[in-house]
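Please read the structure below before turning to the comments.
Just so it is clear, the model here is predicted, and its values are computed rather than measured. Lettering of chains follows the sequences in order, A, B, ..., and the numbering in each one begins at 1. Side-chain atoms are counted along with the backbone in the values below, which use heavy atoms only and exclude waters and symmetry mates.
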Number of protein chains: 4
Amino acid sequence: MGIHERKQREKQRRRRDIINAARKIFSVKGFNSATMEEIATEAELSPGTLYLYFKNKEELHTSLSIDILKYLTTQIQEVVNLDICVEEKMERFRDVFIDVYGYDASILINLFHLQSGETLHNLSDEMMQHLKKNSARAHGAIIQVIKEGIDKGIFIDEHPVALADVLWGSYAGVVLWVDSKKKLDDHKDFVKSTLTTAFKVIIQGLKKN
Amino acid sequence: MGIHERKQREKQRRRRDIINAARKIFSVKGFNSATMEEIATEAELSPGTLYLYFKNKEELHTSLSIDILKYLTTQIQEVVNLDICVEEKMERFRDVFIDVYGYDASILINLFHLQSGETLHNLSDEMMQHLKKNSARAHGAIIQVIKEGIDKGIFIDEHPVALADVLWGSYAGVVLWVDSKKKLDDHKDFVKSTLTTAFKVIIQGLKKN
Amino acid sequence: MGIHERKQREKQRRRRDIINAARKIFSVKGFNSATMEEIATEAELSPGTLYLYFKNKEELHTSLSIDILKYLTTQIQEVVNLDICVEEKMERFRDVFIDVYGYDASILINLFHLQSGETLHNLSDEMMQHLKKNSARAHGAIIQVIKEGIDKGIFIDEHPVALADVLWGSYAGVVLWVDSKKKLDDHKDFVKSTLTTAFKVIIQGLKKN
Amino acid sequence: MGIHERKQREKQRRRRDIINAARKIFSVKGFNSATMEEIATEAELSPGTLYLYFKNKEELHTSLSIDILKYLTTQIQEVVNLDICVEEKMERFRDVFIDVYGYDASILINLFHLQSGETLHNLSDEMMQHLKKNSARAHGAIIQVIKEGIDKGIFIDEHPVALADVLWGSYAGVVLWVDSKKKLDDHKDFVKSTLTTAFKVIIQGLKKN
DNA sequence: GATGAATGAGCATTCATTCAT
DNA sequence: TATGAATGAATGCTCATTCAT
């Protein structure tokens with residue numbers, strides 16, 4: 001292993017440390033209450049170092065969401081490429097969505113807030129492109145399956161983009177809503193079961209008859 | 001009209017001025033970027049005056065959401081009390097939701113962010129109670145209709161609360177998602193049509209077979 | 001009683017109400033934490049009315065101290081005019097001082113802070129003169145007795161003004177110090193006994209031999 | 001000198017800069033009128049930097065007093081440990097007190113106001129402990145000498161704590177009172193002579209006969 | 001005279017970001 | 001590269017005071 005390679009690896013490790021620390025702090029405190037110093041302390045680094053890896057606080061925050069969005073997108077695309085019927089693909093989507101929620105609920109919620117939230121002012125164009133590109137990819141994959149369902153006469157005759165919006169929006173909304181109820185009522189484990197119900201409803205609702 | 005009455009009316013007008021100014025500023029800038037001074041300027045008042053009508057920034061922001069939540073709740077309850085069948089009630093819900101979205105999209109979105117967002121620290125107990133009470137009322141009314149549907153053998157046999165969560169979450173999520181897409185893509189008028197599609201899917205999905 | 005007279009009396013009553021309310025609020029909260037609105041509420045008046053009777057917050061506060069200073073001065077002067085020996089006069093001073101502390105400790109302490117404290121910026125010249133005049137009067141009376149003691153060969157040969165400063169300063173300091181200890185240690189009744197001890201020491205210390 | 005050592009020294013210097021600036025500003029303006037920005041400007045630092053060294057305005061203010069209280073306490077304790085008679089110790093106390101007044105009158109006055117003034121709300125427990133501990137130490141040393149005097153039959157038979165209160169209170173009171181007179185009358189140098197007189201009186205007053 | 005709604009200057013404190021070492 | 005001390009702009013909120021009624 002060359003010295004250059006080792007440095008690259010080291011750099012990646014640092015970046016990962018920061019991301020993990022940020023995930024932890026943002027999850028507990030939310031974007032505004034979290035401070036860069038806390039994150040630095042958690043990562044056992046100095047505040048200045050964070051800025052060697054991320055342009056600013058907003059970009060650090062967003063990069064968490066982009067990571068999970070990439071993961072989600074990959075999973076969805078894998079489902080699309082499987083040689084199974086549309087209905088099974090939809091059920092796989094459900095599993096993927098539930099799996100991702102289980103993987104890191106707080107960052108997923110970040111993502112949804114990000115997609116629907118206050119304008120991002122300090123985000124670099126590069127970051128913005130990443131976000132949009134991955135978002136479009138995931139959405140595109142979903143649209144593809146829905147189109148397939150429509151073409152095969154399984155799904156109702158609506159604009160596939162609109163149906164994909166319904167699917168994605170419902171997913172995001174149910175996650176946001178049920179997750180916040182979870183906090184209030186202190187029931188710990190009904191998010192997944194409600195998500196399952198949600199997909200049961202949605203999938204059935206998409207079908208003809 | 002007595003002098004007292006006139007003063008009350010004047011006070012209400014002021015309050016309304018502030019709320020309108022706040023609505024405008026919060027819509028454009030979001031909660032964090034908006035400043036009390038901006039809102040005061042917009043309302044043609046001094047910053048201090050805002051605090052005669054609202055305890056703090058957070059409470060001013062929340063009161064916008066509470067207003068629309070109350071309106072939404074009232075509309076939903078009216079539907080529940082109508083002497084029509086469950087399926088028609090569900091369709092009326094759709095109309096109410098779409099109507100409320102049309103009435104004031106930005107505040108409705110505030111509300112959803114509020115319900116799913118970072119903890120509210122500076123909210124008075126009174127405000128918190130208002131929020132919870134109205135939220136519970138709207139949700140309760142929806143649950144009631146869903147129960148009715150289950151009892152009559154029209155809807156699938158799932159826990160009615162879970163189904164109501166699905167309905168509410170999907171509505172909120174589709175609004176958030178589609179509204180944000182609207183901004184990005186600059187398509188202006190497909191929110192309503194996507195909401196219509198969403199309800200079509202959901203309502204059909206709730207039904208047995 | 002003429003109408004003018006009645007008005008004057010009414011005015012005095014108002015003034016008294018405000019002073020009593022201010023005394024109460026300042027005692028509990030201290031100068032800075034007390035607000036004019038609180039005082040107005042306590043006096044069952046509106047904030048604006050306070051300004052008809054007192055130029056500003058500082059002047060209201062000071063007028064409390066001046067009142068007690070006037071009372072103290074009167075008492076001291078009465079002692080001076082009594083036809084008793086110097087030593088008895090000193091003991092009467094002690095009684096007066098203890099009496100005034102008992103009468104309204106918090107305002108007396110205000111007075112001492114006022115005399116030794118931060119510069120008074122908003123005080124009208126008139127108020128300043130009142131304060132200085134009464135202060136000088138009380139001090140003058142004490143000096144007079146001390147001079148008498150020196151002349152009669154009872155007290156030590158020091159500058160009478162310096163001795164009066166010692167007496168006054170010690171009184172004020174012991175009150176401030178012991179009163180604050182009272183709060184901390186929650187002993188309720190040893191201020192008077194410590195004051196008695198203080199005067200015993202001072203009076204003996206003033207004597208020759 | 002190691003790099004760490006140099007940094008520590010640098011840090012101490014900064015702290016000292018801030019304290020000096022604060023001393024100056026607080027002396028001129030008093031606690032409430034002084035602003036953190038003024039102090040920062042005086043120290044040729046930015047406002048934020050002050051908060052790296054002191055938790056808040058109140059703690060900065062108090063730390064001035066604590067410094068001088070520590071110094072005073074040390075001096076007093078040294079006197080106590082000397083191998084001299086009680087009467088000489090009392091005279092040494094006098095010298096210490098006069099010395100400390102000469103060292104930094106304005107901060108000494110801060111200290112007395114602090115000990116007798118409005119409750120301190122923003123003070124950290126640590127700071128409060130420092131204050132109380134040093135206060136108790138100084139007072140304890142004084143009590144010890146007074147006890148010794150009583151035991152040896154030199155001082156009057158009163159509770160030693162009460163006598164110490166008289167001594168301390170008189171000292172503080174005379175300083176406050178004479179110092180404020182100095183300002184008013186613009187006599188510059190009679191504080192020390194009055195303090196000397198005060199101690200002469202007090203010491204003689206403490207003695208039997 | 002009395003009111004009390006409105007004012008708006010004023011300030012402590014925070015924290016993302018920088019840069020000399 | 002990494003540091004972390006220093007920065008300083010930014011802002012919510014208070015409250016003494018005013019003045020139209």
- Message: Going by the rule side-chain hydrogen bond (donor to acceptor under 3.5 Å, both in side chains), which residues pair with D:K24 if we only count those two or more places apart in sequence or in a different chain?
- Response: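 D:K24 satisfies side-chain hydrogen bond (donor to acceptor under 3.5 Å, both in side chains) with D:E42 only.
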Would you say [X] reaches [N]'s phosphate, i.e. side-chain N/O to OP1/OP2 under 4.0 Å?
X	N	answer
C:R14	E:dA2	yes
D:Y53	F:dA5	no
A:T35	E:dC15	no
B:K57	F:dT11	no

Please report the distance, rounded to the nearest Å, between [atom1] in [X] and [atom2] in [N].
X	N	atom1	atom2	result
B:N56	F:dT11	CG	P	17 Å
D:E37	F:dG8	CD	P	11 Å
D:L50	F:dA6	CG	P	11 Å
D:I18	F:dA5	CD1	C1'	12 Å
A:L60	E:dC15	CG	P	16 Å
D:R15	F:dA5	CZ	C1'	16 Å
C:K55	F:dT18	NZ	P	10 Å
B:H61	F:dG12	NE2	C1'	16 Å

- Item | Counterpart residues, ring pair (Phe, Tyr, Trp, His ring centres under 6.0 Å), relative to C:F26 (two or more places apart) | C:F31, C:H61
- Message: Holding to ring pair (Phe, Tyr, Trp, His ring centres under 6.0 Å), I want the full list of residues that pass it with D:Y51, two or more places apart in sequence or in another chain.
- Response: none
- Query: Within a reach of under 6.0 Å around CD of A:E37, are more than 12 heavy atoms found that belong to other residues, nucleotides or ligands?
  - Reply: no
- Item | Closest to the A:T49 side chain, choosing from F:dT3, E:dA12, E:dA16 |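 Nucleotide nearest to A:T49's side chain: F:dT3.
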- If you check the C:Y51 side chain, which of E:dG1, F:dA16, E:dT17 turns out closest? F:dA16
- Task: Stems involving DNA chain F: give each as a range paired with a range, ordered by first number, where a stem means at least three consecutive Watson-Crick or G-U wobble pairs under 3.5 Å.
- Result: E:2-21 with F:2-21
- Item | Listed partners of A:K11 passing salt bridge (charged side-chain N to carboxylate O under 4.0 Å, His left out), at least two apart |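 In terms of salt bridge (charged side-chain N to carboxylate O under 4.0 Å, His left out), with neighbours along the sequence ignored, A:K11 is linked to no residue.
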- Task: Apply salt bridge (charged side-chain N to carboxylate O under 4.0 Å, His left out) to A:K70 and list each qualifying residue two or more places apart in sequence or on a separate chain.
- Result: none
- Do C:S65 and C:T62 have side-chain N/O donor and acceptor atoms under 3.5 Å apart?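 Result is no, nothing qualifies.
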- Set of residues satisfying side-chain contact (heavy atoms from CB on, under 4.5 Å) with respect to A:R14, sequence neighbours excluded: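 Scan of A:R14 (side-chain contact (heavy atoms from CB on, under 4.5 Å), adjacent residues dropped) gives A:E10, A:L45, A:Y53.
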- Task: Sequence neighbours left out, what passes side-chain contact (heavy atoms from CB on, under 4.5 Å) with D:N20? Give chain and number order.
- Result: D:R16, D:R23
- Residues of residues 41-48 of chain C with a heavy atom under 4.0 Å from any atom of DNA chain E, listed by number, are C:L45, C:S46, C:P47, C:G48
- Item | Under 3.5 Å donor-acceptor, C:K57 side chain and C:A34 backbone | yes
- Item | Residue mapping more 5' on DNA chain E - nearest nucleotide basis, B:L52 or C:E10 |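 In this pair, the answer is C:E10.
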- Which is true for C:A34 with a 4.0 Å heavy-atom rule: it touches a base, it touches only sugar-phosphate, or it touches nothing? sugar-phosphate
